[in-house]
Amino acid sequence: MAVFVLDKNKKPLMPCSEKRARLLLSRNRAVVHLMYPFTIRLKDRVGGDIQEVHLKLDPGAKTTGVALGLKSDMQLKALFLAHLEHRGFAISEALTQRRAFRRRRRNQLWYRPARFDNRTRKTGWLAPSIQHRVDSTLCWVKKLSKICSVAEIGLERVRFDTQKLSNPEISGVEYQQGTLLGYEVKEYLLYKHNHTCAYCSGASKDVRLEVEHVIPKSKGGTDSVKNLVTTCRSCNEAKGSLLLLDWKTSLKKSTLDLARAKGIASVLKGKWRGFRDTAAVNTTRNALLAEVLTFAKGDIAVYTGTGAMTKFNRHKQGIPKDHALDALCVGENLSLVLHWKKPILKIKCTGRGAYKRTRLDKYGFPRGYLMRQKAVNGFQTGDMVKAIVTKGKKQGTYLGRVAVRASGSFNIQGGNGLVQGIGHKYCNLIQRNSGYGFNLTKIALTNGDARKVA
Ligand SMILES: [Zn+2]
């Protein structure tokens with residue numbers, strides 16, 4: 001992983017290698033500015049050459065892939081890869097519980113008159129868990145722009161390009177598997193048939209999905225999107241080069257064939273999801289794009305890509321499926337350079353505290369007593385600490401996110417799981433709580449199968 005470098009005035013310079021960072025630090029030419037992501041600040045430099053760095057995002061429901069790449073000619077060299085793990089259902093659960101607490105307290109004040117119900121939602125309101133995804137992703141766009149000079153931001157916005165498919169000039173063109181248009185078509189077909197076989201709807205238990213011509217090519221069928229469906233390989237082979245009606249009459253009374261007859265009828269009727277309710281209306285991604293555009297203000301170029309384009313780039317270059325690598329593949333067709341041996345950064349959204357002042361037992365009654373102050377012996381829950389324990393059963397070195405206890409005996413959540421009962425005097429502060437926990441995680445970088453697909 002590249003190390004981020006700032007100049008004397010905290011302005012970003014180009015990231016350097018880990019070795020160079022080590023040398024700069026040991027020669028006292030630099031100081032550590034930030035531990036996660038690792039950033040150093042040069043003591044004797046102001047300004048320097050800046051190259052074009054792309055920040056790429058692959059927004060997901062649970063994990064967002066984040067990648068920084070250095071662009072030169074038509075190549076993109078990976079500088080930084082990260083997984084941003086969102087909080088997901090934790091938010092709605094916490095809010096539901098908080099609502100219950102407040103309801104109970106309010107009910108104790110039953111004699112008070114009801115408050116006037118004048119609460120409204122702003123336009124553009126999103127559910128808190130969705131808003132969180134937008135906010136935390138944007139937060140990291142901002143954080144990374146502070147330590148690295150980002151020239152362009154690319155993000156995946158839709159699964160496939162509806163305009164490309166409905167454009168008569170292109171949809172008339174014969175599509176070929178393995179081309180970018182082929183990937184757009186396949187993504188659309190998968191969406192259209194809900195990732196199952198259009199004929200048997202999965203009754204054959206065959207998971208291999210293929211693109212099938214409804215009217216076979218040998219009988220004058222075209223490559224137009226209208227003539228294509230996804231089927232499992234069993235159905236594709238069973239149908240062969242028959243016309244749909246001929247195949248339907250040849251079907252028997254087995255469960256599989258009955259399912260097929262049903263599927264054939266709906267294919268003949270042309271019943272499926274249209275373009276309008278496609279993934280293009282993905283609220284999270286649209287909201288994120290709007291926020292990123294506001295942040296960029298025209299100084300940073302922003303571009304979007306389709307999921308099909310990402311898949312095309314990934315398959316063509318034999319890159320395995322991973323959120324961070326997917327992010328690197330977003331957008332235009334660049335050849336990627338991956339000199340990657342080290343694990344990547346896993347950023348976990350944790351929030352800064354709880355939504356409640358007490359914990360409950362399984363019957364919903366208050367349990368125990370939570371302390372009211374947040375800091376214990378100078379530490380707060382969420383701080384990143386390194387503990388070197390020299391005595392007792394817990395001897396060893398622990399690195400991770402601390403959870404403080406009033407007793408001064410802390411828990412540390414590290415890469416190797418949770419360690420309990422580490423004394424505060426062994427702990428050294430590495431970074432204050434920022435609402436994120438950090439870990440390193442390994443990802444697969446080679447994939448033999450991927451090359452065959454392209
Ligand atoms: Zn099938």
Side-chain angles (χ1 to χ4, degrees), residues 61 158-162 164-166 171 173-280 282 306-312 314-316 320-321 326 447-454:
V158 286
R159 271 178 58 189
F160 49 85
D161 193 339
T162 48
K164 237 178 227 168
L165 296 178
S166 58
S171 56
V173 173
E174 304 277 288
Y175 102 96
Q176 268 179 315
Q177 233 156 346
T179 61
L180 178 57
L181 185 59
Y183 273 83
E184 298 277 0
V185 168
K186 188 152 189 207
E187 276 299 301
Y188 167 58
L189 292 176
L190 285 172
Y191 164 79
K192 190 159 105 171
H193 300 294
N194 224 348
H195 277 262
T196 53
C197 170
Y199 298 139
C200 69
S201 311
S204 70
K205 300 262 186 320
D206 195 342
V207 289
R208 296 164 299 181
L209 288 179
E210 294 173 343
V211 177
E212 213 262 335
H213 292 79
V214 178
I215 302 167
K217 277 187 119 178
S218 59
K219 299 217 163 97
T222 63
D223 273 338
S224 161
V225 182
K226 283 176 194 146
N227 191 37
L228 299 171
V229 289
T230 48
T231 64
C232 62
R233 189 174 288 176
S234 322
C235 288
N236 201 353
E237 278 167 4
K239 180 174 172 278
S241 59
L242 291 173
L243 284 171
L244 269 191
L245 284 172
D246 295 342
W247 188 39
K248 202 180 173 189
T249 46
S250 74
L251 288 175
K252 309 225 165 46
K253 281 264 180 295
S254 68
T255 338
L256 176 57
D257 277 0
L258 286 175
R260 278 172 176 168
K262 224 173 151 191
I264 291 169
S266 65
V267 169
L268 283 170
K269 269 188 212 151
K271 263 191 180 174
W272 43 60
R273 288 196 269 186
F275 284 138
R276 191 152 301 163
D277 58 338
T278 56
N282 185 327
T306 66
M309 215 188 255
T310 307
K311 219 172 184 179
F312 173 69
R314 178 156 57 77
H315 281 176
K316 205 178 64 175
K321 174 113 188 86
D326 257 358
N447 184 356
D449 296 337
R451 278 184 201 282
K452 283 180 215 154
V453 181

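Counting starts at 1 for both ligands and their atoms, in listed order. Count residues from 1 along the sequence. No experiment lies behind these values; they were computed from the predicted model shown.
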*Asks:* Is it true that a side-chain atom of D257 and a backbone atom of L251 form a donor plus acceptor pair closer than 3.5 Å?
*Replies:*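 No, D257 side chain to L251 backbone: no donor-acceptor pair under 3.5 Å.
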*Asks:* Starting from the Zn ion (ligand 1), count all protein N, O or S atoms within a radius below 2.8 Å.
*Replies:*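 Total protein N/O/S atoms under 2.8 Å from the Zn ion (ligand 1): 4.
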*Asks:* Could you pull out the closest heavy-atom pair between K219 and L243, with the gap in Å?
*Replies:*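 That closest heavy-atom pairing would be CD-CG, 3.9 Å.
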*Asks:* Indicate the atoms forming the closest heavy-atom contact of P320 with R314, along with that distance.
*Replies:*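 Reported closest heavy-atom pair: O-CD, 3.5 Å.
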*Asks:* Can you name the side-chain hydrogen bond (donor to acceptor under 3.5 Å, both in side chains) partners of T230, sequence neighbours left out?
*Replies:*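 For T230 there are no side-chain hydrogen bond (donor to acceptor under 3.5 Å, both in side chains) partners, ignoring immediate neighbours.
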*Asks:* What are the two closest non-hydrogen atoms of W247 and A238, and how far apart are they?
*Replies:*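 Closest approach of W247 to A238: NE1-O, 3.5 Å.
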*Asks:* Do any N or O atoms from the side chain of K239 and from the backbone of L242 form a donor-acceptor pair under 3.5 angstrom?
*Replies:*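 Indeed, once roles are kept as given, a pair shorter than 3.5 Å links the two residues.
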